[in-house]
A.B. asks: 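Structure in structure tokens, see below.
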Amino acid sequence: MSRVAPQARLRPGWLGFYPTILPDTWYRLSAAQGSQPAYLWLETSFGITRVQRADVEIRDAP
């Protein structure tokens, strides 16, 4: 049985500054960085990027 990896992207209209994250692009969540309730880690082409949980929306991968 395979599991679907969840993904996250910046919320539409978000005005923050994450230079390695493109708007409207879904990124795979990384679980390897430990757990802090206020943050998530996204796997980008630049490596792992930490983002605030409130700045992203999450979905199960299609």
Side-chain angles (χ1 to χ4, degrees):
M1 184 184 315
S2 65
R3 291 185 41 130
V4 175
Q7 296 177 329
R9 70 175 178 181
L10 291 177
R11 291 190 183 278
W14 187 81
L15 301 175
F17 181 72
Y18 291 108
T20 61
I21 299 175
L22 299 173
D24 298 323
T25 301
W26 290 95
Y27 295 96
R28 189 171 166 206
L29 292 176
S30 173
Q33 300 299 320
S35 63
Q36 292 181 355
Y39 296 100
L40 297 174
W41 286 263
L42 305 181
E43 295 179 10
T44 70
S45 59
F46 297 98
I48 304 295
T49 301
R50 184 178 79 168
V51 297
Q52 290 188 0
R53 184 179 295 265
D55 295 343
V56 297
E57 58 182 314
I58 300 171
R59 73 170 183 186
D60 288 333

A.B. asks: Please confirm whether the backbone N or O of Leu22 pairs with a side-chain atom of Tyr27, one donor and one acceptor, at under 3.5 Å?
C.D. replies: yes
A.B. asks: Rounded to the nearest 0.5 Å, what separates atom CG in Asp24 from atom CZ in Arg9?
C.D. replies: 5.5 Å
A.B. asks: List the residues meeting salt bridge (Lys or Arg N to Asp or Glu O under 4.0 Å) with Arg28, not counting sequence neighbours, and say none if there are none.
C.D. replies: Glu43
A.B. asks: Looking at residues at least two apart in the chain, or sitting in another chain, which of them share a side chain to side chain contact (heavy atoms under 4.5 Å, CB included) with Leu29?
C.D. replies: Pro6, Ala8, Leu40, Leu42, Ile58
A.B. asks: Where the side chain of Arg50 meets the backbone of Trp41, is there a donor-acceptor pair that is under 3.5 Å apart?
C.D. replies: no
A.B. asks: For Tyr18 and Leu10, work out which heavy atoms get closest and say how close.
C.D. replies: CD1-CD2, 3.8 Å
A.B. asks: Nearest 0.5 Å, please: how far is CD in Glu57 from CZ in Arg11?
C.D. replies: 6.5 Å
A.B. asks: Taking all heavy atoms of Gln52 and all of Tyr39, pick out the closest pair and write down the distance.
C.D. replies: CG-CE2, 3.6 Å
